[in-house]
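Any value given below was found using the heavy atoms of this structure, including those in side chains, with hydrogens, waters and symmetry copies removed. When a residue number appears, it is its place in the shown sequence, counting from 1. Predicted model only: the values in this text are computed from it and were never measured.
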Amino acid sequence: DGGASSVGCVLLEGSVGVYSADQVNGEVFEELRLHPRAVRATQAAWSALNRAAESPEVAADVLYNAIFDSAPGLQALFKTPRASMAMRIMRGMNGLITGMHNPSGLRTTAEALGFQHLDYDVTAPRVALFRDAIVEMMSTELQQQCTATVREVMKVLLNYIGGALIYVRRNYAGRLRILASSWATATKSQAYDTGKIGDEVAAEAETTEAAQDGGQQHGQHVGKDQGKAKAGGPGGAREGRPRASNIPERRRGDDNSIKVPTTFNEMFRFNAAVMGFAESTWMSEVLHVFDSIVRNVANSYRLQEECDVLSLRLSRCPGPIDLSEFKAVMLASLRSLVPKGWDSNHEVAWSWLWANVERMLGSQTGKPARQEKALARLFKSLRGKDLASYRNQVFSTFFELAPTGMDHFKQSSTRLHFVAEKVFGMTLEMYKHPDELVDELSASGLRHVGYGIPAELCAPFMCSFVTVLRTITKDKEAMEAFQWSLSLISRILARVINEGSTMVMRAINANSSRQLA
């Protein structure tokens, strides 16, 4: 099929007239139905592109270069290290192309991508730049294998995904407002800002009525039941559930009555015990960061960071983990704390949030333990002279990638080797003790603010470690573990530097009082 093709040849009935190879449609979000023969041809071409590269990293780098050489302006939108971002784009493209034969699955993937890009200003012209860069790269690399049909399918597919990102950002703003206002009510705090997405969030008009002393009954949903708790206090106890008097989280006053939980954490623990999940200790790990997850729902990078760290913490919890159990307890608790404003829209919004969090956590399920072992095995195999050579090459590579970095590394070689060895060890420490390392990185980031080191140097600095280590080992699993951990470290460090670089700190670093004016 080297001749001309038309969009009618690659689209099935139901998608013709809705999606095309020329226009990005952000007004609708339906299933994309492609002709099976066209799908198979495109998947074969993409597989050939991957096979032609020496490694997945090389293929990802080719894709990355194609995008940003054609549209340099898009590069400012991406904040993670180059190597990590290249692999992230490649994994995303692999998932889209291998799954485009399944319309419903492709729509789910597109919606998930839309959730991840809520804080990006995705526009039709930017989608067109991205689309044309990838199609042109495929034409250059594959030559005759990239037929007219393949090019047509790729254009339709990328237009569909771009339109989905625009649609989700525009139409899901209402869900973000619901999350913000109901969470403010549940936690009795001021509604958080959802950023540029949607209008400013208004506080909930009605607040939860104060619980009366004496164990007055309080209505509570459990799962899909809407009956009131019979034992007094919220929790929606049903037949066969533990009695309230057996719940260790209860607090009794002088009159021996149960004091009703009033905070989200208290209500969650109460309901978890009532619903039979008291032994699910992993829920405490999720509960510990749940406030940050909700407040950063519109900040994809921060949300991904929180979920990545949480996945490491969950990997060290004993026993099986069923994330749907957390959702059941979460919804039951929210229904109790937001009784007057709660409706089906709240159910949809909170279920949508948790479905996306569950997907982010699920992508790392089972990986941390294997990655930790692979990385420990690699470190153990490296000899002293290999490490010394590695440390020397890291800074040489870094100064090539970011010459301005030399202004901030004027210490002795001994000190530079110490820094490199410290970063090297952090990648394994992230798997073993994520909480302690996150605290250490936060402190280190604030020191970097004091030193006046820009966050923009974090990406090339971390990229230099990956580039050099790739020349030392061919262990793909260890490299993946090293790169994932280093990317997380880089993101945390860059975020802390950005958040700590206040007007006052910038004025102090510049020794200029005018910057405070």
>> Salt bridge check, E499 against R302: does any charged N sit closer than 4.0 Å to a carboxylate O?
In response: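 A salt bridge links R302 with E499.
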
> Could K155 and D22 be called an ion pair, given the rule that one side-chain N must be under 4.0 Å from one carboxylate O?
Replying inline: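 Result for this pair is no, no salt bridge flagged.
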
Check side-chain hydrogen bond (donor to acceptor under 3.5 Å, both in side chains) between [X] and all other residues, then give those that pass, not counting sequence neighbours.
{"X": "E141", "result": "none"}
{"X": "E480", "result": "none"}
{"X": "W354", "result": "E358"}
{"X": "Q393", "result": "S389"}

Under the salt bridge (Lys or Arg N to Asp or Glu O under 4.0 Å) test, which residues partner [X], sequence neighbours left out?
{"X": "D69", "result": "none"}
{"X": "R316", "result": "E372"}
{"X": "R91", "result": "none"}

Would [X] and [Y] count as having a side-chain donor-acceptor pair, cut-off 3.5 Å?
{"X": "E27", "Y": "Y167", "result": "no"}
{"X": "D475", "Y": "T473", "result": "no"}
{"X": "N102", "Y": "S104", "result": "yes"}

>> I'd like to know whether CD of Q23 has more than 12 heavy-atom contacts from other residues, nucleotides or ligands below 6.0 angstrom.
In response: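 12 or below, so no.
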
> Are R415 and F418 in a cation-pi contact, defined as NZ or CZ under 6.0 Å from the six-membered ring centre and within 45° of the axis?
Replying inline: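 That pair does not qualify as a cation-pi contact.
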
> For F29, is the NZ or CZ atom of R107 found under 6.0 angstrom from the centre of its six-membered ring and inside 45 degrees of the ring axis?
Replying inline: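 Here R107 passes the 6.0 Å and 45° test against F29.
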
> How far does SG of C307 sit from CG of L312, to the nearest 0.5 angstrom?
Replying inline: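 Rounded to the nearest 0.5 Å, the SG-CG separation comes to 11.5 Å.
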
>> To the closest 0.5 Å, what do you measure between CG (L158) and CD1 (I134)?
In response: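 The distance works out to 5.0 Å.
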
Residues in side chain to side chain contact (heavy atoms under 4.5 Å, CB included) with [X], at least two apart?
{"X": "D291", "value": "W183, R295"}
{"X": "F399", "value": "F395, M406, F409"}
{"X": "A133", "value": "S70"}

> Would Y172 and F115 count as a ring-ring contact (aromatic ring centres under 6.0 Å, His included) if you check the C-alpha gap in whole Å, the side-chain angles of each, and the deciding distance to 0.1 Å?
Replying inline: CA-CA 9 Å; Y172 287 13; F115 180 82; 9.0 Å; no

> salt bridge (charged side-chain N to carboxylate O under 4.0 Å, His left out) between K422 and E429: does it pass, once the steps are laid out?
Replying inline: CA-CA 10 Å; K422 183 70 173 176; E429 193 68 15; over 6 Å; no

> Where the side chain of T467 meets the backbone of C463, is there a donor-acceptor pair that is under 3.5 Å apart?
Replying inline: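 Looks like yes, one N/O pair under 3.5 Å.
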
> If only atom types and distance count, is the side chain of N159 paired as donor or acceptor with the main-chain N or O of A21 below 3.5 Å?
Replying inline: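 Yes.
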
>> Enumerate the salt bridge (charged side-chain N to carboxylate O under 4.0 Å, His left out) contacts for residues 122-138, please, sequence neighbours excluded, ordered by first and then second residue.
In response: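 Matches after skipping sequence neighbours: none remain.
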
> Is the F465 ring parallel, tilted or perpendicular to the F461 ring (thresholds 30°, 60°)?
Replying inline: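 The arrangement is perpendicular - the two ring planes meet at more than 60°.
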
> Going by the ring pair (Phe, Tyr, Trp, His ring centres under 6.0 Å) test, which pairs reach into residues 82-114, not counting sequence neighbours?
Replying inline: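 Listed by first then second residue: nothing to list.
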
